[in-house]
Amino acid sequence: QVRLVESGGGSVQAGGSLRLSCAAVGYTDRTWCLSWFRQAPGRQREPVAEYDTDGDAKYAKSVKGRFTVTKDNANNILYLQMNNLKPEDTAMYYCAGMGRICYLAGPMRLADEYADWGQGTQVSVSP
C-alpha cells in the first residue's frame with residue numbers, strides 16, 4: 001500500500017527556515033516522480049517543486065532561489081528546504097507522487113497528474 005507521509009511543518013517568522021520531509025512508503029520504484037504542492041485558504045493547490053526521475057528539479061517562480069528540493073534515494077524520502085520564508089508562503093504543503101517515472105518538460109505539472117497524496121503539513125509564516 002502506498003503512503004506519502006509528510007512532516008516538518010511549523011510556525012516561523014519571516015526570514016526563517018523550515019525543512020519538510022516526505023517518506024514514500026510503498027513506493028517500490030525509487031525512480032518514480034515526487035513533487036511538493038501547497039494550498040493556501042481559498043486558493044487552488046499549486047505546484048512548488050518537482051523532482052524527476054533523473055534527479056532534476058523545477059521550481060515555481062515564487063520560491064525559486066529560496067526553496068531547494070532533494071531526495072534521499074536510499075530511504076525514498078523527499079525533502080523541501082525552505083529558506084527566507086515569507087508570509088505569502090503560509091499554506092498547507094503536500095507531497096505528491098505520480099506512481100511512474102517522469103522527466104521535466106514544459107510547465108510544472110498540475111495536481112490532477114498525480115496519483116498519490118500525503119495528508120499535508122502546515123507551514124505558517126508571520127511578518
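Remark: side-chain polar atoms of D52 are paired, donor with acceptor, to backbone N or O of D56 under 3.5 angstrom. Checked by atom type and distance alone, the side chain of R45 never pairs as donor or acceptor with a backbone atom of Q39 at under 3.5 Å. Between the side chain of R109 and the backbone N or O of A105 there is no donor-acceptor pair closer than 3.5 Å. Between the side chain of T121 and the main chain of G9, a donor-acceptor pair closer than 3.5 Å is present. With hydrogens and angles ignored, the 3.5 Å screen pairs a side-chain donor or acceptor of R30 with a backbone N or O of N73. The backbone N or O of I101 lies less than 3.5 Å from no partner atom in the side chain of T31, so there is not a single donor-acceptor pair.
To the nearest 0.5 Å, atoms OG (S7) and CD1 (I77) are separated by 8.0 Å. Atoms OH and CG, on Y93 and L80 in that order, are 7.5 Å from each other to the nearest 0.5 Å. Atoms SG and CG, from C22 and D72 in turn, are 12.0 Å apart once rounded to the nearest 0.5 Å. Atom CG in N83 sits 11.5 Å away from atom CZ in R19 (nearest 0.5 Å). Annotation: the span from R100 atom CZ to D29 atom CG amounts to 12.5 Å, rounded to 0.5 Å.
Side-chain atoms of Y79 and V69, non-hydrogen and from C-beta on, never get closer than 4.5 Å to each other. Under the 4.5 Å side-chain criterion, counting only non-hydrogen atoms from C-beta, L104 is in contact with E50. Looking at Y59 and T68, their side chains come closer than 4.5 Å, going by heavy atoms from C-beta outward. Taking 4.5 Å as the limit, some side-chain heavy atom of K71 sits within range of a side-chain heavy atom of L34. Side-chain contact check for E46 versus M108: every heavy-atom pair is 4.5 Å or farther apart. In this structure, M82 and D89 have side chains that are not in contact, with every pair of non-hydrogen atoms separated by 4.5 Å or more. Counting heavy atoms from C-beta on, the side chains of T90 and V123 never come closer than 4.5 Å. A heavy-atom distance below 4.5 Å is not found between the side chains of V25 and V2.
For the pair R38 and Y94, the cation-pi criterion (under 6.0 Å, within 45° of the ring axis) is not fulfilled. For R3 and W117, the positive end is not near the middle of the six-membered ring at less than 6.0 Å and at most 45° from its axis.
Between the side chains of D116 and Y27, at least one donor N or O lies within less than 3.5 Å of an accepting N or O. Side-chain contact, Y114 with S35: a donor N or O sits under 3.5 Å from an acceptor N or O.
In terms of heavy-atom proximity, A14 sits nearest to P87 at CB-CD, 4.1 Å. Closest non-hydrogen pair, A40 versus A91, comes out as N-CB, 3.9 Å.
Other residues, nucleotides and ligands contribute only 12 or fewer heavy atoms inside 6.0 Å of the CD atom of Q13.
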Test side-chain contact (heavy atoms from CB on, under 4.5 Å) applied to T53 and C33, step by step:
CA-CA 6 Å; T53 294; C33 293; 3.6 Å; yes

Step by step, would you call S17 with Q81 a side-chain contact (heavy atoms from CB on, under 4.5 Å)?
CA-CA 7 Å; S17 297; Q81 178 67 43; 4.0 Å; yes

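Under a hydrophobic clustering in which Ile, Leu, Val, Met, Phe, Trp and Tyr are joined whenever their side-chain heavy atoms come within less than 4.5 Å, directly or via other members, Y103 and Y51 fall into the same cluster. If you chain together hydrophobic residues whose side chains sit under 4.5 Å apart, F37 and F67 never meet in one group.
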